[in-house]
There are 2 protein chains.
Amino acid sequence: MAKPSTNSAPPAAKQSFDSLEQEVFLNLWRTYDRVKSLEDEVFAAVSLSAQQYNALRLLKSVYPNAMPTLVLGGRLISRAPDMTRLLDRLEKRGLLVRERRAENRRVVEVRITDEGRSLLNQIHDAVQQSHQKQFGHMSKKALCQLADLLRQARQPHEDADNLSFVDQ
Amino acid sequence: MAKPSTNSAPPAAKQSFDSLEQEVFLNLWRTYDRVKSLEDEVFAAVSLSAQQYNALRLLKSVYPNAMPTLVLGGRLISRAPDMTRLLDRLEKRGLLVRERRAENRRVVEVRITDEGRSLLNQIHDAVQQSHQKQFGHMSKKALCQLADLLRQARQPHEDADNLSFVDQ
DNA sequence: CGAAAATACTTGTTGAAACAACTGTCGTCA
DNA sequence: TGACGACAGTTGTTTCAACAAGTATTTTCG
């Protein structure tokens with residue numbers, strides 16, 4: 001263990017975990033960080049954040065229908081406390097449109113545009129390739145196991161809403 | 001937050017994945033997000049970010065020695081392109097000190113202060129409890145398996161440096 | 001030696017999170 | 001019907017992250 005490190009001073013500060021649970025969390029964090037950066041390269045090429053891409057992806061999945069802002073926010077992979085401005089930026093680029101309907105002027109319906117869908121199509125292959133780069137070295141069995149353990153890990157932390165994601 | 005929402009509409013938009021690899025990534029992302037928020041509550045109570053806590057944790061691990069800025073940056077769980085200002089904030093709060101030594105005036109040595117260590121001690125238990133809350137519901141075996149699969153997943157994406165974290 | 005490259009940070013600027021406070025709209029029930 | 005609370009977004013402010021460009025300080029090497 002512990003890769004002695006040819007580093008002069010640092011005595012290879014043994015990564016000592018306070019608990020197994022902490023070890024899992026730090027592993028989760030680091031793996032997420034490393035793997036995310038691969039995907040981010042693809043998004044950066046078209047000036048999107050992962051979160052923006054995700055919003056568009058969800059909008060595309062209900063196309064040609066629209067989606068209330070709050071519902072969209074609730075379905076994003078990671079929570080976003082600032083839907084308004086996230087949508088502002090995408091709307092300004094013409095990737096989606098917002099409209100209020102007379103029947104309930106409180107809700108803002110969001111719909112992806114043709115440009116939006118076209119942008120998604122344009123990067124679709126590159127995104128898939130980045131996923132391959134992320135996990136292509138693992139066996140199908142290991143991947144299923146990992147997905148399963150991840151679901152299991154967050155299961156008690158899901159709120160009643162977004163269960164749609166958990167099952168499946 | 002809470003779980004209001006007897007959401008009328010959501011037909012549980014079947015989460016269709018383009019590939020197994022994508023499914024794993026989205027699961028990783030969501031699990032990270034959910035689980036991170038639990039830990040963040042603890043840090044928020046003392047106005048620290050997870051990244052700041054991590055830097056302090058590393059500095060404590062080499063105490064009473066100091067660490068060059070760049071080495072510290074390289075050992076953080078998630079990469080930080082802006083070490084300077086991260087350290088600025090912690091230094092301003094008296095949690096660490098920086099010093100340049102005559103032998104090489106380029107490198108800035110960073111050392112945790114007594115206040116810094118005291119702050120870490122102060123929240124140590126709460127941090128451990130949050131880890132329990134995160135993963136306490138999983139068996140030891142499942143946790144080991146998860147940690148192992150996570151290491152396996154990022155292994156090809158680690159750069160030569162931070163291997164110290166991988167093995168172990 | 002002395003220019004040029006490499007090293008280790010700093011600074012500037014821009015964009016995006018986070019939290020709180022606020023506005024407009026709708027349902028409800030006395 | 002009309003006040004009140006719930007709902008759905010918006011705006012303001014502060015803080016943080018990311019990328020680029022700049023400043024010192026060694027090291028290298030012709």
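Side chains included, hydrogens not; waters and symmetry mates left out as well; all remaining heavy atoms used. The chains referred to below are lettered A, B, ... by the order of the sequence lines, with proteins before strands, and numbering in each begins at 1. Just so it is clear, the structure is predicted and the values come from calculations on it, not from any experiment.
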Contact class for Thr84(B) (heavy atom, under 4.0 Å): base, sugar-phosphate, or nothing?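 Result for Thr84(B) = base.
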Check this one for me: any side-chain N or O of [X] less than 4.0 Å away from OP1 or OP2 of [N]?
X         : N       : answer
Arg100(B) : dT26(D) : no
Arg79(B)  : dC19(D) : yes
Arg106(B) : dA8(C)  : no
Arg85(A)  : dT13(D) : no

Spacing of Asp82(B) atom CG relative to dA20(D) atom C1', expressed in whole Å: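 Answer to the nearest Å: 12 Å.
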Let me spell it out: for each of Pro81(A) and Arg105(A), pick the nucleotide of DNA chain C with the closest heavy atom. Which residue's pick is nearer the 5' end?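 The 5'-side residue here is Pro81(A).
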Looking only at side-chain atoms of Val108(B), point me to the closest of dT11(D), dT10(C), dT10(D).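 It is dT10(C).
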Pick the nucleotide of DNA chain D nearest each of Asn104(B) and Val107(A); which residue has the one closer to the 5' end?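 Its nucleotide being nearer the 5' end, the pick is Val107(A).
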Arg75(B) versus Asn54(B), side-chain donor and acceptor atoms under 3.5 Å: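 The answer is no; no qualifying pair exists.
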Give the table of side-chain donor-acceptor pairs shorter than 3.5 Å for residues 125-134 of chain B, with sequence neighbours excluded, one pair per line with atom names and distance.
from      : atom 1 : to        : atom 2 : distance (Å)
Gln128(B) : NE2    : Ser19(A)  : OG     : 2.9
Ser130(B) : OG     : Val127(B) : O      : 2.8
His131(B) : ND1    : Gln134(B) : OE1    : 2.8
His131(B) : NE2    : Glu39(B)  : OE2    : 3.4
Gln132(B) : NE2    : Glu21(A)  : OE1    : 3.1
Gln134(B) : NE2    : Val35(B)  : O      : 2.7

Extract from the structure each pairing of a protein N or O with an N or O of nucleotides 14-16 of chain D at less than 3.5 Å, listing the distance.
from    : atom 1 : to       : atom 2 : distance (Å)
dC16(D) : OP2    : Arg89(B) : NE     : 3.1

